Structure formats: structure tokens, C-alpha cells
Amino acid sequence: MLDHLLSRDTSPPIFGRDDGAPAGWAVSTAPVPYPRAVAAMEARAAAIAEGTAGELVWLLEHPPLYTAGVSARGGDLLDPGRFPVFESGRGGQYTYHGPGQRVAYVMLDLGRRRKDVRAFVGALEAWVIEALAAFNLEGQIREGRVGVWVERKGAGWSREDKIAAIGVKLRRWVSFHGVSLNVEPDLEHFAGIVPCGVTEHGVTSLVDQGLPVTMDEADSALKRAFEQVFGPVTAAEPPPF
């Protein structure tokens with residue numbers, strides 16, 4: 001399925017809307033407090049389900065914080081006093097958000113796309129992989145590990161580091177939460193948790209990979225890749241928070 005998702009032909013997007021309508025594409029330039037972002041997502045998702053608002057992809061950064069998904073284990077919070085910790089209704093375990101990380105909250109109506117949660121998560125992974133390809137970086141997925149990984153190799157050694165996390169929630173077949181791509185965050189901040197419950201692998205970023213990518217460049221790559229996987233977008237205002 002992933003090969004088809006990443007095809008560069010002119011066929012319709014694999015996770016496009018049935019009516020071809022564009023999703024809104026909004027960018028917040030100032031850090032957004034996590035509770036306000038969640039409240040804004042909740043309100044927008046409800047409005048989408050009611051048919052009173054359009055789909056929205058919301059790009060932002062958060063102040064430094066940890067979030068606990070529905071599968072989070074208490075022992076994976078290694079330094080609870082380091083940053084604020086927020087319970088989150090998304091799937092997954094503990095993750096970090098902070099400056100230099102592009103968070104993309106994805107509020108899409110799967111009723112107008114495809115009512116298939118697994119295919120939706122696969123499409124989100126494909127979206128990130130396609131964006132990374134714009135910088136000649138190969139993102140990969142691994143069975144049993146949600147997210148996007150980068151393989152590093154040296155003389156007689158190799159390791160896998162996570163470059164993007166994925167955690168979503170659906171309500172009435174409308175998605176919210178989404179993906180976080182490490183552009184240039186302080187990777188040491190991940191040391192306060194076991195990221196996504198995985199102890200045997202590390203975390204990385206575009207800049208850590210030797211790619212001096214700006215946030216604007218990352219946003220452009222994400223936008224182009226989104227249109228390939230999910231269909232067209234149109235400029236929109238961030239939701240009020």
C-alpha cells in the first residue's frame with residue numbers, strides 16, 4: 001500500500017475527498033499553548049462533523065512540554081518536573097513538543113475520504129515520508145512502530161532514529177491531533193521521557209541529519225506532499241484559541 005501512496009503519477013490522491021474539495025491550510029507563527037490548541041481542535045472537529053466548517057490542517061509550534069497519549073505508561077515519564085505534562089486523548093504514548101518541531105494538527109472528514117483508520121495512519125506516514133524525500137532523506141516505517149524513522153549506518157553499525165511521531169483521534173469520523181516532525185528541536189529535551197515507549201531507538205531531526213532546513217522550507221515540503229497524498233489545500237486562518 002505504501003508504494004501506491006507514494007507514487008508520483010497523476011492519479012488522484014489515494015486519500016482525497018470524494019468531492020475533491022480542498023482542505024484549509026493554516027500556520028500559526030507564534031507558539032500555541034497546548035490546552036488552547038486542544039480546545040480549538042475539539043471545536044473545529046465538532047463543527048466539521050456538523051457540516052458547519054471545512055477541513056483544516058493547522059501547523060504550529062508549542063512551548064516545551066510532554067503529552068501522554070491513551071497508551072502512556074507512567075514509568076516512561078522519566079523527569080516529570082522538567083516540563084509541563086498534559087494528558088492527551090490521542091493514540092500513542094509519551095511524546096515531546098517544543099520549539100523547532102513542526103506540529104501539524106490534521107482535522108479531516110474521513111466520511112468524505114475513507115472510513116479506514118489503518119489506511120489513514122498509513123497515509124499520514126506516507127505524507128511525512130514524501131516530505132522528507134524533498135530533502136533527499138529516506139524516511140521509513142517499521143512494523144509495530146507508528147511514526148517515521150531514519151536509518152543511520154556506519155562501519156559495522158547501524159541504528160534507527162525517529163524523526164516524526166504520529167498520534168491521532170477520531171470522533172464521528174473526523175480526525176484531530178496529527179503528526180510532529182522534528183526540524184530543529186533540542187533533542188536533549190526528549191531525555192525526560194521514553195519517546196513513544198521505545199527504548200532501543202533514538203530520535204533525530206532534519207538538522208541533526210546535516211540538513212540545514214528552515215521551518216518555512218519544511219512547511220513547503222509538507223504542503224506539497226500533503227497535496228500528493230490527501231489532495232488540494234487552500235490558505236486558511238488558524239482557529240481561534
Side-chain angles (χ1 to χ4, degrees), residues 1-2 4-29 32 36-62 89-91 101-134 148 164-181 183 215-241:
M1 181 183 71
L2 187 60
H4 182 46
L5 283 170
L6 294 176
S7 65
R8 294 176 180 269
D9 59 26
T10 58
S11 59
I14 191 66
F15 224 88
R17 279 179 64 102
D18 55 10
D19 59 1
W25 186 270
V27 181
S28 288
T29 57
V32 179
R36 295 185 182 181
V38 172
M41 278 193 292
E42 295 263 3
R44 183 61 175 247
I48 294 170
E50 293 293 336
T52 59
E55 296 180 319
L56 184 68
V57 182
W58 183 19
L59 276 60
L60 54 83
E61 292 175 87
H62 285 305
R90 61 163 174 80
Q101 181 190 73
R102 177 50 88 209
V103 175
Y105 287 135
V106 182
M107 290 153 273
L108 300 181
D109 184 356
L110 270 61
R112 302 303 304 263
R113 293 175 179 271
R114 193 197 307 179
K115 290 184 176 181
D116 186 328
V117 177
R118 178 173 291 186
F120 177 54
V121 172
L124 293 173
E125 292 171 333
W127 170 30
V128 175
I129 289 170
E130 188 74 359
L132 294 176
V148 178
I166 295 175
V168 295
K169 184 174 182 178
L170 297 179
R171 183 176 296 145
R172 298 172 63 187
W173 288 106
V174 175
S175 68
F176 51 111
H177 296 281
V179 309
S180 57
L181 172 64
V183 180
M215 194 65 76
D216 285 345
E217 290 169 335
D219 288 352
S220 294
L222 285 167
K223 185 177 181 180
R224 290 193 299 270
F226 184 91
E227 291 181 319
Q228 290 182 350
V229 176
F230 292 97
V233 299
T234 186
E237 292 296 319
F241 59 86

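All values reported here derive from a predicted model rather than from experimental measurement.
Here the closest heavy-atom approach between residue Ala23 and residue Arg113 is recorded as CB-NH2, 4.3 Å.
For the atom pair CZ (Arg171) and CD1 (Ile48), the distance works out to 12.0 Å, reported to the nearest 0.5 Å. To the nearest 0.5 angstrom, Leu108 atom CG is 12.5 Å from Phe176 atom CZ. Rounded to the nearest 0.5 Å, atoms OG (Ser175) and CE (Met41) are 10.0 Å apart. The distance from atom CD1 of Ile129 to atom CG of Leu124, rounded to the nearest 0.5 Å, is 11.0 Å.
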Checklist entry - After noting the C-alpha distance and the side-chain angles of Val148 and Leu181, does the key distance pass the side chain to side chain contact (heavy atoms under 4.5 Å, CB included) rule? => result CA-CA 9 Å; Val148 178; Leu181 172 64; over 6 Å; no
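Between Glu55 and Arg17 there is a salt bridge, since at least one side-chain N of the basic residue sits less than 4.0 Å from a carboxylate O of the acidic one. A salt bridge between Arg172 and Glu50 is present, with a side-chain N of the basic residue lying under 4.0 Å from a carboxylate O of the acidic one.
At least one donor-acceptor pair closer than 3.5 Å links the side chain of Arg44 to the backbone N or O of Gly54. Ser28 places no side-chain N or O within donor-acceptor distance of the main-chain N or O of Leu60, the cut-off being under 3.5 Å.
Side-chain contact between Leu59 and Trp25 is present, with heavy atoms from C-beta onward closer than 4.5 Å. At least one side-chain heavy atom of Val57 sits under 4.5 Å from a side-chain heavy atom of Trp127. The shortest side-chain heavy-atom distance between Val229 and Pro13 does not fall under the 4.5 Å cut-off. Between Trp58 and Val32, some side-chain heavy-atom pair lies under the 4.5 Å cut-off.
Scored by the ring pair (Phe, Tyr, Trp, His ring centres under 6.0 Å) test, Trp173 finds no partners at all (sequence neighbours excluded).
The aromatic rings of Phe15 and Phe120 lie tilted to each other, with the angle between the two planes from 30° to 60°. Classification of the Tyr105-His177 ring pair by plane angle, with boundaries at 30° and 60°, yields perpendicular.
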